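This one's a predicted model, so the numbers in the text were calculated from it and none came from an experiment. Note that these values count all heavy atoms, side chains included, but never hydrogens, waters or copies made by symmetry. Note that ligands are numbered from 1 as they come in the structure, with each ligand's atoms numbered from 1 the same way.
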Amino acid sequence: MHKYSQGCKAGVAGVSGYSGRELLRILARHPGVEAMEIPRESEAGAAVKEHTLDIVFLATPHEVSLEAAPAALAAGARVIDLSGAFRLKHAAHYDRWYKMRHTRPDLLAEAVYGMPELDRTGIAAARLVANPGCYPTSVILALAPLLASQLVDGDAGIVCDSKSGVSGAGHKPAAGTHFSAVQENFRAYGILEHRHVPEMVQALGVPFGDFQFTAHLLPVDRGILSTIYVKLARSASLEEIHAIYTARYPDGGFVRIRRQAPDLHGVQRTNYCDIHVTLSSDSRRAVIVSAIDNLVKGAAGQAVQNMNLMLGFPEDEGLQ
Ligand SMILES: NC(=O)c1ccc[n+]([C@@H]2O[C@H](COP(=O)([O-])OP(=O)(O)OC[C@H]3O[C@@H](n4cnc5c(N)ncnc54)[C@H](OP(=O)(O)O)[C@@H]3O)[C@@H](O)[C@H]2O)c1
């Protein structure tokens with residue numbers, strides 16, 4: 001029996017948005033959690049006290065999370081923030097990438113980056129979890145095992161070409177995500193300026209100048225497909241590479257190593273990340289393809305996976 005066998009109380013801020021709505025949908029079928037909405041007009045700390053919340057999900061813009069997370073923590077709750085407000089370790093990076101002055105470097109130091117497959121112990125003990133971004137989830141999970149194996153020739157650079165469905169932009173209408181702007185269309189955006197780049201570089205421990213990332217907008221509702229190109233430091237067999245990935249992501253988890261290149265249909269509305277690696281005939285170049293649902297493994301599903309680790313539930317509770 002886990003600590004919260006009597007039921008744990010979770011509050012969700014941002015429920016009119018795409019990620020907040022997805023969180024409520026997942027938490028509704030979680031047997032150990034009673035979930036409630038934190039209305040836009042409520043102050044997070046007051047909501048924690050009034051409803052004696054154990055944990056708070058912030059599915060809000062980063063400026064909102066920057067204020068709400070400290071308030072919820074001070075009121076005694078643990079916090080999982082889905083925004084980028086606590087993902088980067090250096091406050092100065094927020095000036096450049098988020099156009100925001102970060103006022104809580106102490107919480108940047110404390111926050112644990114919430115990628116369960118890479119840091120279960122850290123997440124389980126955390127008071128504040130910075131839930132990863134959607135593109136970073138697809139890229140970091142795809143690259144981390146290969147980088148850790150020292151097989152990547154870093155000097156040759158890493159190229160990531162990622163494509164997302166329109167729900168990645170949130171529920172607020174905008175000219176660039178209007179139906180007529182998106183359907184039958186396909187375009188790159190944020191070239192060399194995407195705010196997920198420092199997050200990926202930080203999590204992967206690669207030099208900024210060796211890492212290229214371009215985001216694209218797909219004319220679909222949900223899903224991210226990333227195609228990643230790396231040069232290997234030495235030739236390697238597909239069996240060796242497969243063994244590296246399956247050691248990091250054993251069968252039965254949410255990261256599945258596939259024998260064929262994944263697609264969006266295989267992961268939509270699931271918490272899975274599907275990954276496939278192809279080797280060139282000289283065994284010196286690898287192309288890694290990964291697919292996730294941006295609102296599930298890229299946001300709400302991963303947040304619940306983190307909550308499960310923090311509160312001692314089975315990691316996949318509510319997510320199957
Ligand atoms: N969409 C994705 O694929 C995805 C993936 C990973 C992470 N994220 C991150 O998760 C967060 C939520 O993303 P989303 O796509 O779900 O956004 P969204 O659809 O735009 O929803 C944002 C939510 O925040 C609320 N909100 C906006 N301004 C507020 C304020 N000043 N005070 C209180 N609440 C406010 C909105 O309420 P109103 O409806 O009243 O405006 C809405 O409920 C963002 O930080 C985003 O970067 C998104």
Out of all atoms in ligand 1, which are within 4.0 Å of some heavy atom of [X]? Include the element for each.
X	answer
Gly168	1 (N), 2 (C), 3 (O)
Pro61	24 (O), 26 (N), 27 (C), 28 (N), 45 (O)
Ala299	5 (C), 6 (C)
Ala59	11 (C), 12 (C), 22 (C), 23 (C), 24 (O)

* Asked: Crowded around Lys231 NZ? As in, over 12 foreign heavy atoms under 6.0 Å?
  -> no
Would you check whether [X] has a nitrogen or oxygen atom less than 3.5 angstrom from a nitrogen or oxygen atom of ligand 1?
X	result
Ala169	no
Arg87	no
His171	yes

For [atom], what's the nearest protein heavy-atom neighbour? Residue, atom name and distance, please.
atom	result
atom 46 (C) of ligand 1	Leu82 O, 4.5 Å
atom 42 (C) of ligand 1	Ser16 OG, 3.4 Å
atom 2 (C) of ligand 1	Leu295 CD2, 3.6 Å
atom 13 (O) of ligand 1	Ser19 OG, 3.6 Å
atom 30 (C) of ligand 1	Val64 CG2, 3.4 Å
atom 35 (C) of ligand 1	Arg40 NH1, 3.7 Å

* How are the rings of His194 and His196 set to each other: parallel, tilted or perpendicular (split at 30° and 60°)? ->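 Tilted, since the angle between the ring planes falls between 30° and 60°.
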* Asked: Any idea how Tyr135 and Phe213 line up, ring-wise: parallel (<30°), tilted (30 to 60°), or perpendicular (>60°)?
  ->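 Perpendicular.
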* Which segment of Ser167 sits under 4.0 Å of ligand 1 when only heavy atoms are counted ->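 It is the backbone that gets close, since no side chain atom is under 4.0 Å.
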* Where on Asn294 is there a heavy atom closer than 4.0 Å to ligand 1, on the side chain, on the backbone, on both, or on neither? ->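 Both backbone and side chain of Asn294 come within 4.0 Å of ligand 1.
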* Answer yes if the ring centres of His30 and Phe313 are under 6.0 angstrom apart, and no otherwise. =>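 Yes, they do, as the ring centres are separated by less than 6.0 Å.
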Taking atom types as modelled, find out whether [X] and [Y] have a side-chain donor-acceptor pair closer than 3.5 angstrom.
X	Y	result
Thr278	His276	yes
Lys172	Thr177	no
Asn294	Ser164	no

* Would a 4.0 Å cut-off, counted as strictly less than, catch a protein heavy atom around atom 16 (O) of ligand 1? ->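 Yes.
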* Would you indicate which of Val166, Thr60, Ile292 comes nearest to atom 45 (O) of ligand 1 when only heavy atoms are counted? =>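 Looking at heavy atoms only, Thr60 sits closest to atom 45 (O) of ligand 1.
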* Determine, considering heavy atoms only, which of Gly17, Ser65, Gly298 sits nearest to atom 5 (C) of ligand 1. => Gly298
* Structure fact -> When every non-hydrogen atom of Met310 is compared with those of Val129, the smallest separation belongs to SD-CG2, 3.7 Å
* Asked: Testing Glu315, Gln305, Gln302 for side-chain hydrogen bond (donor to acceptor under 3.5 Å, both in side chains) with Asn271, which one passes?
  ->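 Among the candidates, only Gln305 passes.
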* Asked: Quick one: are Val296 and Thr270 in side-chain contact, heavy atoms under 4.5 Å?
  ->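 No - every pair of side-chain heavy atoms lies 4.5 Å or more apart.
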* **Pi-cation contact, Tyr98 with Arg195 (under 6.0 Å, within 45°)** =>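 Yes, cation above the ring, under 6.0 Å and within 45°.
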